[in-house]
Amino acid sequence: MVRKGIPVKKLFADMNDFLDKEIFVNGWIRTRRDSKAGISFIELNDGSCFKNLQIIVEHSTPHLKEIIKKINTGCSVGVSGVLRESPAKGQPIELDARDITIYGEADPASYPLQKKRHSFEFLRQIAHLRPRTNTIGAVTRVRNQISYAIHQFFQERGFYYIHTPIITTSDCEGAGEVFQIITEGEGENFFGRPTYLTVSGQLQAEIYALALGKVYTFGPTFRAENSNTRRHLSEFWMVEPEMAFADLEDDLNLAQDMLHYLISRVLDSCKEDLEFFRKFIDKGLFSRLEVVATESFEVITYTEAIEMLKNSGESFEFPVEWGEDLQAEHERFLTEKKFKKPVAVIHYPRTLKPFYMKVNDDDERTVAAMDILVPEIGEIIGGSEREYRYDVLLEQMRQKNMNIDDYQWYLDLRRYGSAPHAGFGLGLERFVQFITGVQNIREAIPFPRTPGHALF
RNA sequence: UCCCCGGUAGCUCAAUCGGCAGAGCGGGUGGCUGUUAACCACUAGGUUGCUGGUUCGAGUCCGGCCCGGGGAGCCA
């Protein structure tokens, strides 16, 4: 049986409980420094937290003097010793090694990770080793905290977690290109009809919202769009809450509460990781997060946004005209220059949005949609009140030339016990990007899939 | 898919007008009385992405291709 180590995180959190006592730790070596006559310093990281544990190895012990020669960056070890206050600056505690077990060596001549900064492009090529770096380790812990907090947020508010299908038969009109399911033997006929990887769980979530009241899905989604940018993935995770008996205002409030909650939780729980991002990736990280965690969003209508852009005095590459979609440059102006905080743009022209969005009562040209835009990333949440009136929905589907037969089940929800309902979608990786400041979304997911790239 | 930039040692990058391909880090060896990406000395390490062309001579100029990055579109 493998001897269990005390997590480094626990050693730092409760150091007084362990001082001057014999303890055991497991982990991977980050660096080794040999120093003047007979002492080596090794930095051990076990992934439990950002910090390394400094281990002191006295060469006066013949046994250790032999072992230390094999200890290089990347190797895995178990160390027993006495935890002491560190006499030197840089760390409060250190482990005075009595014995070291090497589980797995790492040949320094070929081990790709060095004790220095690597480019993210290089690390992506060794995606199986990059979680051992400071940055990817920290991103992974933050992503975990966000995922956990998402469940907590919705569970605390009475939402039920539902699992919507990965394999679907609808292509959720307007959500981009789809991957089709083909089997080696049956071709596309395995299910007796064409099937696709889901682009969104929303339509199925609506089914359960109109039965359980408040639900959310949280899972992978797939887009076959040939878009190669630092903000797009072919496989990404989405959180999609759906509420019955709710309108656009409820939807906005939920989205705002959620963002406040998630950011606050990460600020509380991942201080060291965030401090690393502030230091090496984004100097303004904390002020940016504080703004989103505490302030209410600026809410403006699409029509107001168009007016603001027209009167801004800015020269835009793309035209600003009512009925035209907001371009990235327009969104950036609103979030980064005009308001300098998240902006919710509501009531878009119905021609720009999918069939399921509710047509506004007071202005039939627009739908009860919302896009929440944040600085740097752009759209992070998209949502709407859903059209719950059978006749209006049917008319919308006809106008968009949809195959009505494929959506009888969806229309049934409006035929039997329909109710006002609303929901939104949050792209998890974009949110991770926003929180950590990593420039490329490929650093926000462990195994990024993009056009032409699928490792492992 | 379009536009722009790039590809030189294991990594990060230099190489002036077309004229002997270099440095730091990493590796190896040796040194150094507690180091903080330790430090000092020595040392090994190259098909300059591939391909065709121009030239006495190409890392450098031209064509084609491959790969990477940034921006745009599409979207979350």
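Only heavy atoms go into these numbers, but all of them, side chains included; no hydrogens, no water, no symmetry mates. All figures in this text were calculated on a predicted structure; none of them were measured in a lab.
Ring-centre distance between A:Y161 and A:H163: below the 6.0 Å cut-off. Between A:Y261 and A:F154, the gap from one ring centroid to the other reaches at least 6.0 Å. Here A:Y216 and A:Y160 keep their ring centres 6.0 angstrom or further from each other. Between A:F318 and A:H330, the distance separating the two ring centers is not shorter than 6.0 angstrom.
With P as the reference atom, B:C13 and B:C17 are 22 Å apart, rounded to whole Å. B:U47 sits 9 Å from B:A9 when the P atoms are compared, rounded to a whole Å. Atom name C1', nucleotides B:A14 and B:G7: the rounded distance is 15 Å, in whole Å. Comparing B:G26 with B:A37, their P atoms are spaced 12 Å from each other, to the whole Å.
Between A:A88 and A:P112, the residue anchored closer to the 5' end of RNA chain B is A:P112, taking for each the nucleotide with the nearest heavy atom. Comparing A:G452 and A:M238, the nucleotide of RNA chain B nearest to each residue sits closer to the 5' end for A:G452.
Here the closest non-hydrogen pair linking A:I146 and A:L262 is O-CD2, 4.2 Å. Pairing each heavy atom of A:S80 with each of A:E22, the nearest pair is CB-OE2, 3.9 Å.
Side-chain N/O atoms of A:R124 include one lying less than 4.0 angstrom from OP1 or OP2 on B:G69. Taking side-chain N and O atoms only, A:R223 has no distance below 4.0 Å to OP1 or OP2 of B:C74. Phosphate proximity of B:A37 to A:N134: absent, as no side-chain N or O sits under 4.0 Å from OP1 or OP2. Look at A:T31 and you won't find any side-chain N or O under 4.0 angstrom from OP1 or OP2 of B:A37. Regarding contacts with the backbone of B:G69, a side-chain N or O of A:R442 is found under 4.0 angstrom from either OP1 or OP2. In terms of phosphate contacts, A:Q327 brings no side-chain nitrogen or oxygen within less than 4.0 Å of OP1 or OP2 of B:A72. Distances shown here put every side-chain N or O of A:R30 at or beyond 4.0 Å from the OP1 or OP2 atom of B:U36. OP1 or OP2 of B:A38 sits under 4.0 Å from a side-chain N or O of A:R33.
Geometrically, A:K400 does not engage A:F355 in a cation-pi contact, judged by NZ or CZ lying under 6.0 Å from the ring centre and within 45° of the ring axis. In this structure, A:R117 fails the cation-pi test against A:F280, since its NZ or CZ atom is not both closer than 6.0 Å to the six-membered ring centre and inside 45 degrees of the ring normal.
A:L53 pairs in a side chain to side chain contact (heavy atoms under 4.5 Å, CB included) with only one of the listed residues (A:V79, A:N45, A:L83), which is A:L83.
Counting heavy atoms from C-beta on, the side chains of A:V215 and A:F159 never come closer than 4.5 Å.
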Handout entry: Sugar-phosphate or base contact per nucleotide [nucleotides 22-27 of chain B; S, B, -; heavy atom under 4.0 Å]
Key = --BBSS
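Ion pair A:K338/A:E298 not flagged as a salt bridge, since none of the NZ, NE, NH1 or NH2 atoms sits closer than 4.0 Å to an Asp/Glu carboxylate oxygen. Taking a cutoff of 4.0 Å between a charged side-chain nitrogen and a carboxylate oxygen, A:E235 and A:R223 do not qualify as a salt bridge.
Nearest nucleotide to the A:F122 side chain, out of B:U35, B:U12, B:A72: B:U12.
Straight-line distance from the CD atom of A:E58 to the P atom of B:U35: 14 Å, rounded to whole Å. A:M370 has its CE atom 13 Å from the C1' atom of B:A76, to the nearest Å.
By the 5.5 angstrom centroid cut-off and the 30-degree plane limit, A:F236 is classified as stacked against the base of B:A76.
Judged by atom type and distance alone, A:Q91 reaches the base of B:U35 through a side-chain donor-acceptor pair under 3.5 Å. The base of B:C75 sits within donor-acceptor range of the side chain of A:H232, with an N or O pair under 3.5 Å.
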Practice task
In sequence, state the C-alpha distance, the side-chain angles, and the governing distance for A:Q204 and A:T164, and then conclude on side chain to side chain donor-acceptor pair (under 3.5 Å).
Solution key: CA-CA 6 Å; A:Q204 292 92 344; A:T164 48; 5.5 Å; no
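Residues of residues 312-320 of chain A having a heavy atom closer than 4.0 Å to RNA chain B, listed by number: A:F318.
With a glycosidic angle more than 90° from 0, B:C39 adopts the anti conformation.
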Fill in the blank from the handout: Pairs under 3.5 Å (Watson-Crick or G-U), crossing ones as [ ], inter-strand ones as |: RNA chain B comes out as (((((((..((((.....[..)))).(((((.......))))).....(((((..]....))))))))))))....
